[in-house]
Amino acid sequence: MVPIAYYLVLSALLFSIGAGAFLIKRNIITVFMSIELMLNAVNLSFVAFAYQWHAIRGQIFVFFVMVVAAAEAAVGLAIIIAVYRTRNTLNVDQIDLMKL
Amino acid sequence: MNQVPDILRILPEVILTLAGVAVMMIEAVLHQNTSRRPLGWLAVGSVAAAFWASMAQFQMAPGTGFHGVVQTDSFSAFFHVLICGIVLVCCLIALDCMPERGENMGEFFALVLFGAVGMVLMSSAVELLLVFIALEISSISTYILAGFRKHSVKGPESSLKYFLLGSFATAFFLYGVALVFGATGTTNIREIAATLATTPMPAFPVIALAMMLIGIGFKVSAAPFQVWTPDVYEGAPSPVVALMSTAPKAAAFAVLLRLTYAVFPLLHVQWSSLLWLMAALSMTVGNLAALRQQNVKRMLAYSSIAHAGYLLVAFSAPSSEGIAAASFYAVAYAAMNVGIFAVVSHVGGYDDHLNSISDYRGVAYRSPLMGAVLAFFLISLIGIPFTGGFFGKFYVFAAALHAGAIWLAIIGLLNSGIAAYYYLRLLTTVYTRHAEDSAEPNIAPLSIPIVLALLLTVGSTLVLGIMPGRVLYAARWAASSVVPPTAAPTEIVVAPLQPAR
């Protein structure tokens, strides 16, 4: 059997990749996808912990995270479309009308 | 033990949800040219009903409902009342300044109501799953509201920045929850606290707490997680800024207070040093950056970062005194900040035709009332006596001093001095006579909603500044339901508080 630590390390790695991509990537859609990656990394942790504790709560949590992520995706893509309509670009570097 | 029916424990949420659904449905069947203003009044009425229902929760026997998922006690009732009050005034502000046609007013009020559901739920949730869902309900509504002027150039940009950074922060919060679940095997706040109190402290909860602090730090726009704030506030319509600079922050602070004081009292040394740093950074960064702002809304955005810092100062007190001071500050800050944004929305307009500080020149001569009210709120934000801002700061710094956080109090007081400069700069501009050659600022005539909004905000700021006793009593009562005043475990770790000493 695969020890739980493997899942946790994988989850932490995925989360870090997501966080790194969020900071590095320049296309809004890719940035958005890296957030989804972070959420799914968290889901992996939840499932692993739920298995370890024999607690169904963790798995239920995952369902809710998926539902919320879907709702967030719907709103997020709508916002991205609104941005594209006013700017004609999906590059985050060019969405810089307001700056410090 | 649990005599109160479950449905009464979430009565304000039920009222707000039903009203939101009703507003949305009516909006859909109304003819295109019909005025949407009655929908706004419907929203105002339902928020007032939710306000009343929240007041009634003070009388209710404290306890949990729905299998220990929500808890109503004086703490949740306190924040329910505060958030409902904020939303009520924000609906009035929106009624005043939104154009009757062209903008989807019905959707606006529906989103405000749904967002309010999430915010009030955050303050009564004692199950991390519900905290997460409530946080998302409130966040997703405010993401849309931030970009409500979708045909302007700045609106969608503001919304996008808020959305991306907000979701990023939520992921961190969620990872923290996952780690807590891994350490304790439960996601119920009270069960977590009970488990952590009996087991030796592994590394997990510390990392988990840090992750959650990142997530909540974003939501309350505390430095170093504050970068999104000025951009979002600049691009969002002013009534929305009035809402999102106060209500979601109050809700996030409620979660933070419950998490830190009730769940992790044994980690007080760790979280109080982290929050010490966040408080000092927020105050300094917010105030210094506000000095060089030319746009009024950006300046107020940095001022709200600084005020989040003042509020975080209260967390240096390990006992219920800190909670009481933080809760009181949340009320005082909400009253004056919503008030100042009521003036900004009315003077600057929904489309922000007056936005820079120089545009505000001579406003007090065009509209003496608006000038006077703006001056009053600026004075309160500075923290001059007889206003709510003074007592807010007083209790927060007193709590910090009692806890021995002398350096933090000194940093805070120095910052209040710096802050006076940029508030006074706006104040003198407003009272400077307008130059002869340029066009005079065009200010909309007064309407009933804005008069009501100003009466409520000026009234509460004055009451908080002259007789703060009742609110302070309520804040102490609220604090006592999170940490009993004589609780032993939090009193033990008083000494090693500040990393800076």
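Remember, it's a predicted structure, so these values are computed and weren't measured experimentally. Proteins get letters first, then strands, A, B, ... in listed order; numbering begins at 1 in each.
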* Please determine, among A/A19, A/S34, A/A69, A/A48, the option with the most heavy-atom pairs under 4.5 Å with chain B. => A/A19
* If the plane angle is over 60° it's perpendicular, under 30° parallel, otherwise tilted; pick one for A/F49 and B/F204. => perpendicular
* To do: Select one option (side chain, backbone, both, neither) describing which atoms of B/S158 are under 4.5 Å from chain A's heavy atoms.
  => both
* Structure fact -> One option among B/I144, B/L164, B/I137, B/L128 has the most heavy-atom pairs under 4.5 Å with chain A, and it is B/L164
* Structure fact -> Turns out that what part of A/A12 lies under 4.5 Å from chain B's heavy atoms comes down to both
* Non-hydrogen atoms of chain A under 4.5 Å away: do they reach the side chain of B/Q294, the backbone, both or neither? -> neither
* To do: State, yes or no, whether a side-chain contact exists between B/T64 and B/V69 at a heavy-atom distance under 4.5 Å.
  => no
* Asked: Side chain, backbone, both or neither: which part of A/F61 has a heavy atom under 4.5 Å from chain B?
  -> both
* Structure fact -> Comparing B/N188, B/V177, B/L179, B/N295 against chain A, the one with the most heavy-atom pairs below 4.5 Å turns out to be B/V177
* **Part of A/R87 within contact of chain B (heavy atom distance under 4.5 Å)** => side chain
* Structure fact -> Looking only at B/S159, B/G147, B/A171, B/A178, the option with the highest number of non-hydrogen pairs under 4.5 Å against chain A is B/A178
* Any donor-acceptor pair under 3.5 Å from A/T86 side chain to A/V83 backbone -> yes
* Indicate yes or no: does B/K154 engage B/D352 in a salt bridge with an N to O separation below 4.0 Å. => no
* To do: Heavy-atom distances under 4.5 Å only: say whether A/V65 touches chain B with side chain, backbone, both or neither.
  => both
* Leading residue by heavy atom contact count with chain A [cutoff under 4.5 Å; candidates B/F163, B/F132, B/F168] -> B/F168
* To do: Could you label the plane-to-plane angle of the A/Y51 and A/H54 rings as parallel, tilted or perpendicular, counting under 30° as parallel and over 60° as perpendicular?
  => tilted
* Asked: Salt bridge check: are B/E234 and B/K297 linked by an N-O gap of less than 4.0 Å?
  -> no
* May I have the step-by-step check of side-chain contact (heavy atoms from CB on, under 4.5 Å) for B/L281 and B/Q226, ending in yes or no? => CA-CA 10 Å; B/L281 264 177; B/Q226 90 292 8; over 6 Å; no
* Answer with yes or no after comparing the ring centroid distance for A/F15 and B/Y175 against a 6.0 Å cut-off, counting only values under it. => yes
